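Let me begin by presenting the structure, written as structure tokens, before commenting on it.
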Amino acid sequence: MDSPAPPDGPLSDLEFDQFRDLLRRYCAYELDQWENLQTDTPYGPVYVMFARSLPPDTSPEAYRPF
């Protein structure tokens, strides 16, 4: 059985599965054209971009399906 992860630690397998499912729903029902997000982490800022199109000169193979 997968025990819950601490609130400030890595995701458990169950949490990651839930995150992935919620992200799919967000992309299907909430994302319009694009969304740019930034969050701070212990290792520095992280920048996340969601878009309904590939960036120019980018191959679809550069992305890992989930």
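Scope of the values below: all heavy atoms of this structure, side chains included, with no hydrogens, waters or symmetry mates. This one's a predicted model, so the numbers in the text were calculated from it and none came from an experiment.
Applying the side chain to side chain contact (heavy atoms under 4.5 Å, CB included) criterion to Q33, with sequence neighbours excluded, gives no partner residue. With sequence neighbours excluded, no residue forms a side chain to side chain contact (heavy atoms under 4.5 Å, CB included) with P42. Considering only residues two or more places apart in sequence or on other chains, F66 meets the side chain to side chain contact (heavy atoms under 4.5 Å, CB included) condition with R20, L23, R24. Under the rule for a side chain to side chain contact (heavy atoms under 4.5 Å, CB included), the partners of N36 that lie at least two apart in sequence or sit in another chain are W34, M49. Residues forming a side-chain hydrogen bond (donor to acceptor under 3.5 Å, both in side chains) with D32 (at least two apart in sequence, or on another chain): none.
The two residues F19 and L11 come nearest to each other via the heavy atoms CB-CD1, 4.4 Å. Closest approach of P45 to D40, counting heavy atoms only: CB-OD1, 3.9 Å.
Under a hydrophobic-cluster definition in which Ile, Leu, Val, Met, Phe, Trp and Tyr are linked whenever side-chain heavy atoms come within less than 4.5 Å, directly or via other members, Y29 and F50 are assigned to different clusters. A single hydrophobic cluster is not seen to contain both F16 and L22; linkage of ILVMFWY side chains at heavy-atom distances under 4.5 Å, directly or through other members, places them apart.
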Which is it for Q18 and L14 under the side-chain contact (heavy atoms from CB on, under 4.5 Å) test, yes or no, and what are the steps along the way? CA-CA 6 Å; Q18 182 180 28; L14 184 62; 5.9 Å; no

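E15 places a side-chain N or O within 3.5 Å of a backbone atom of S12 that can act as its donor or acceptor partner.
Counting only residues at least two apart or on different chains, the side chain to side chain donor-acceptor pair (under 3.5 Å) pairs with a member in residues 52-66 are S59-E61.
The shortest distance between side-chain heavy atoms of L37 and Y47 does not fall below 4.5 Å.
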